[in-house]
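Okay, structure first, notes after.
Note that the numbering runs from 1 along the sequence shown for the chain. Side-chain atoms are counted along with the backbone in the values below, which use heavy atoms only and exclude waters and symmetry mates.
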Amino acid sequence: MTSIYDCSAEADLLTGMRLARAAIGRGELVVIPTDTVYGVAADAFSAKAVQRLLDAKGRGRTSPPPVLIPGVPTLDALARDVPEPVRRLVEAFWPGGLTVVLHAQPSLQWDLGETRGTVALRMPRHRIALELLSETGPLAVSSANLSGRPAAGTAQEAADMLGDAVAVYLDGGAAGEEYEAVGERPGDLSSTIVDATGDGLRIVRAGVITRADLVAVVGEAAFEREAAGEASADAPPADAPPADAPPADALPTDLPAAAEPGSEASVS
């Protein structure tokens with residue numbers, strides 16, 4: 001039986017973290033708390049581990065997981081051509097509920113799925129997640145749920161859905177309590193996803209960081225449609241998904257990954 005380790009108890013925290021590190025090293029899955037929702041984590045540099053993550057969730061390679069990182073310096077190690085507006089957003093909202101989609105470094109030896117050369121990155125604001133990341137390095141992390149089900153807000157909810165597909169569950173209490181649920185769906189505590197792979201920024205999923213929050217940091221001109229002067233009365237809002245995107249209720253509500261430019265990523 002897979003065990004849930006209560007990280008509010010020192011003995012469980014030490015044991016759980018030790019077992020989680022070992023599980024990641026073996027290519028197994030670990031459920032971790034983040035500041036938004038619970039995530040299921042795998043070694044980002046192990047193709048077998050990433051595939052195990054996708055299989056556990058019932059997702060295909062067209063929905064590659066995001067990557068959680070332990071700090072801002074890792075941003076430049078994994079992404080190239082980081083625009084200045086993204087650096088300002090990261091400075092303002094990391095660690096926290098913002099995921100940024102960027103062009104991946106071409107030298108990276110990983111296989112997250114059909115990424116089209118991009119990667120979605122987030123630095124979570126949760127001490128347990130950050131401690132694990134500091135020891136394992138970047139982790140592929142998607143919301144801890146079965147595809148089509150709501151993201152888990154507790155370790156037990158994650159265990160009820162994922163069961164023995166996960167080696168270790170780290171229980172850090174209820175996730176997302178510091179945020180207001182202002183995302184696309186009722187009760188949604190997902191991170192906000194900003195795609196920076198085009199000519200300007202584009203919100204591809206509204207989440208706990210609002211558009212107003214983003215604009216306050218970088219201004220309206222940083223966003224793609226406004227920058228291109230393409231907005232019109234008939235145009236969809238700048239944060240609308242592309243016409244061929246799957247419906248919102250078919251997408252997971254998670255925690256940070258690679259994504260095709262302009263597509264919606266599965267992120268915590």
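- Residues Ala165 and Leu29 approach most closely at O-CD1, 3.5 Å, considering heavy atoms.
- Ala120 and Val101 make their closest contact through CB-CG2, 3.9 Å (heavy atoms, listed as atom of the first residue, atom of the second, distance).
- Between Met17 and Ile128, the closest side-chain pair of non-hydrogen atoms falls below 4.5 Å.
- When all heavy atoms of Pro70 and Leu130 are compared, the closest pair comes out as O-CD2, 3.9 Å.
- Summarising the geometry, atom OG belonging to Ser107 is positioned 9.5 Å from atom CG belonging to Leu78; distances are rounded to the nearest 0.5 Å.
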Query raised in the report: Is there a side chain to side chain contact (heavy atoms under 4.5 Å, CB included) between Leu98 and Leu214 once you walk through the steps?
Result: CA-CA 10 Å; Leu98 175 69; Leu214 301 172; 4.1 Å; yes
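- Looking only at side-chain heavy atoms (C-beta outward), Pro124 and Ile32 stay at 4.5 Å or farther from each other.
- Rounding to the nearest 0.5 Å gives a distance of 6.5 Å between OH of Tyr38 and OG1 of Thr154.
- Remark: Thr197 OG1 to Asp81 CG distance equals 11.0 Å, nearest 0.5 Å.
- Residues in residues 106-145 take part in these ring pair (Phe, Tyr, Trp, His ring centres under 6.0 Å) pairs, two or more places apart or across chains: Phe45-Trp110.
- Remark: Thr15 engages no residue in a side-chain hydrogen bond (donor to acceptor under 3.5 Å, both in side chains) (not counting sequence neighbours).
- Between Gly27 and Ala49, the closest heavy-atom pair is O-CB, 3.5 Å.
- The CZ atom of Arg61 sits 9.0 Å away from atom CG of Leu112, with the distance rounded to the nearest 0.5 Å.
- Panel note: side chain Tyr169, backbone Gly163; a donor-acceptor pair is recorded below 3.5 Å.
- The salt bridge (charged side-chain N to carboxylate O under 4.0 Å, His left out) search around Asp35 returns Arg122, not counting sequence neighbours.
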Report task. I would like to know whether Val50 and Asp111 meet side chain to side chain contact (heavy atoms under 4.5 Å, CB included); could you show each step before the answer? Result -> CA-CA 8 Å; Val50 172; Asp111 181 5; over 6 Å; no
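- Leu146 places a side-chain heavy atom less than 4.5 Å from the side chain of Leu162.
- Lys57 is not listed as a side-chain neighbour of Met161, based on a closest heavy-atom distance of 4.5 Å or more.
- A salt bridge between Glu220 and Arg211 is present, with a side-chain N of the basic residue lying under 4.0 Å from a carboxylate O of the acidic one.
- Looking at residues two or more places apart in sequence or on another chain, you find a side-chain hydrogen bond (donor to acceptor under 3.5 Å, both in side chains) between Asp160 and Gln156.
- Counting heavy atoms from C-beta on, the side chains of Thr74 and Leu121 never come closer than 4.5 Å.
- Closest approach of Ala41 to Ile24, counting heavy atoms only: O-CD1, 3.8 Å.
- The distance from the CZ atom of Arg52 to the OG atom of Ser46 is 8.0 Å, given to the nearest 0.5 Å.
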Query - Working for side chain to side chain contact (heavy atoms under 4.5 Å, CB included), residues Phe223 and Val218 - result: CA-CA 9 Å; Phe223 288 86; Val218 297; 4.0 Å; yes
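- Residues meeting the side-chain hydrogen bond (donor to acceptor under 3.5 Å, both in side chains) test with Arg125, sequence neighbours left out: Glu178, Tyr179.
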Report task. Please lay out, stage by stage, how Trp94 and Val100 fare under the test side chain to side chain contact (heavy atoms under 4.5 Å, CB included). Result -> CA-CA 11 Å; Trp94 277 12; Val100 290; 3.9 Å; yes
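- Grouping the Ile, Leu, Val, Met, Phe, Trp and Tyr side chains by contacts below 4.5 angstrom, directly or via other members, places Val72 with Leu201.
- Under the 3.5 Å distance criterion, with hydrogens and angles disregarded, no donor-acceptor pair is assigned to the side chains of Ser191 and Thr36.
- Residues in residues 84-101 take part in these salt bridge (charged side-chain N to carboxylate O under 4.0 Å, His left out) pairs, two or more places apart or across chains: Asp76-Arg87.
- The shortest distance between side-chain heavy atoms of Leu132 and Arg21 falls below 4.5 Å.
- Within the 4.5 Å cutoff, the side chain of Leu54 has no heavy atoms near those of the Ser142 side chain.
- Of all the heavy atoms in Ala206 and Thr192, the pair that sits closest is C-OG1, 4.1 Å.
- Here the straight-line distance linking atom CD1 of Ile193 with atom CG of Asp195 works out to 9.5 Å at 0.5 Å rounding.
- Proximity of Leu133 to Leu139: side-chain heavy atoms (C-beta onward) are separated by under 4.5 Å at one or more points.
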